[in-house]
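Contents: one structure, followed by commentary.
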Amino acid sequence: MSGQKRKLDSVSVEATTVKSSHAQDSPPAKTAALISRYFTGEEKSGPRLGEDFFNQPCISLAKAFLGKVLVRRLPDGTELRGRVVEVEAYLGGEDKASHSSGGKRTERNTAMFMKPGTIYVYQIYGIYLCMNISSQGEGAAVLLRSLEPLQSLEAMRELRSARRKENARPLKDKELCNGPSKLCQALDIQRGFDRRDLSSDHEVWLEQGPESPTPETMVSAPRIGINYAGEWVSKPLRFYIQGNSCVSVVDKAAERASST
DNA sequence: GGTACGATAGGCT
DNA sequence: GCCTATCGTACCG
């Protein structure tokens, strides 16, 4: 409440966008919508999205996330922005890949059962974090997998470098947020964000992006890293923006199938 | 450029 | 013992 400074001048607004990596052998047809470029000045993405946005079924919310802009405001006032380009839906009780599979409620996954828009942060493999947002439906949530960095890329690079070797090569722009735990590092999403509300929090929120992906540029593919989940392994519950270089895992077979 | 592999590490169950 | 990952390195084209 004290000292709500608006130090916009301290916010480094980089006009940089991620360089699109045109693969030499990529089909020309559907790779047109590659990378957004719209931070050309003072422009903002628009007002934050409220409760109504998050209050929709899980798959619907997952798809709606694509193209939206996640914003993180650091204590010093710096605002980090990234456009959501890859998500996964975890449907709740019936979904064997979900932490809430079988209706299981634990201390860890409590946020999955809270009101739509609640942030669920959990630790994976001992060292990494993943960020989800609860949706409509008991125990259902959307995992954020990749962002296209838009603003304050140098701050992201510093945050990401913290846990890497000192003499490691510098990260390319597109490597800053191209994975569920990488985006948590790049935006400094900590365990303390668990159970907070993305529709009202002062340090993290979601904004309308300038453009939503058309159905043609959205790919549905199986989710990553859930090979234990029986018949749920192959369900196409991962969604990403086709051709965007920040997507963590490209599924060529799924892209071929969806282009027909 | 891509892909594949082993090492990593801590909390949850 | 498993897990909604990542890193560095090796190797291939």
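Numbers restart at 1 for each chain; the letters A, B, ... are given by sequence-line order, proteins then strands. Predicted, not measured: the structure shown is a model, and the values here were computed from it.
Applying the 4.0 Å criterion to OP1 and OP2 of B:dG10, one finds that A:Tyr128 has every side-chain N and O outside that range. The shortest distance between the side-chain N/O atoms of A:Lys182 and the OP1/OP2 oxygens of C:dC7 is below 4.0 Å. Phosphate contact (OP1/OP2 of B:dG1, side-chain N/O of A:Lys172, threshold under 4.0 Å): present.
A:Glu88 comes within contact range of no nucleotide atom at all, as no heavy-atom separation falls under 4.0 Å. Nucleic acid contact for A:Arg108: sugar-phosphate only, since backbone atoms but no base atoms lie under 4.0 Å from a heavy atom of the residue. Across all strands, A:Ile226 comes closer than 4.0 Å only to sugar-phosphate atoms, never to a base (heavy-atom distances). Within the 4.0 angstrom heavy-atom criterion, no nucleotide atom of any strand lies near A:Arg238.
The pair A:Asp95-A:Lys235 fails the salt-bridge criterion, with no side-chain N (NZ, NE, NH1 or NH2) lying under 4.0 Å from an Asp/Glu carboxylate O. Using a 4.0 Å cut-off between charged nitrogen and carboxylate oxygen, A:Glu88 and A:Arg145 count as a salt-bridge pair.
Between the CG atom of A:Leu143 and the P atom of C:dA5 there is a distance of 7 Å, given to the nearest Å. As a whole-Å value, the separation of A:Gln123 CD from C:dC2 P is 19 Å. Following rounding to the nearest Å, A:Arg160 (CZ) and C:dA5 (C1') show an atom-to-atom distance of 11 Å. The separation between A:Asn109 atom CG and B:dT13 atom P is 7 Å, rounded to whole Å. Protein atom OH of A:Tyr120 is 10 Å distant from nucleotide atom C1' of B:dC12, rounded to whole Å.
Looking only at atom types and distance, the side chain of A:Ser248 has a donor-acceptor partner in the side chain of A:Glu86 under 3.5 Å away. Looking only at atom types and distance, the side chain of A:Asn244 has no donor-acceptor partner in the side chain of A:Gln242 under 3.5 Å away.
Comparing A:Thr106 and A:Ile127 by the nucleotide of DNA chain B whose heavy atom lies nearest to each, the residue mapping closer to the 5' end is A:Ile127.
Taking OG of A:Ser146 as the start and CD of A:Glu148 as the end, the distance is 11.0 Å to the nearest 0.5 Å.
Below the 3.5 angstrom threshold, one finds no donor paired with an acceptor across the side chain of A:Tyr125 and the base of B:dT8.
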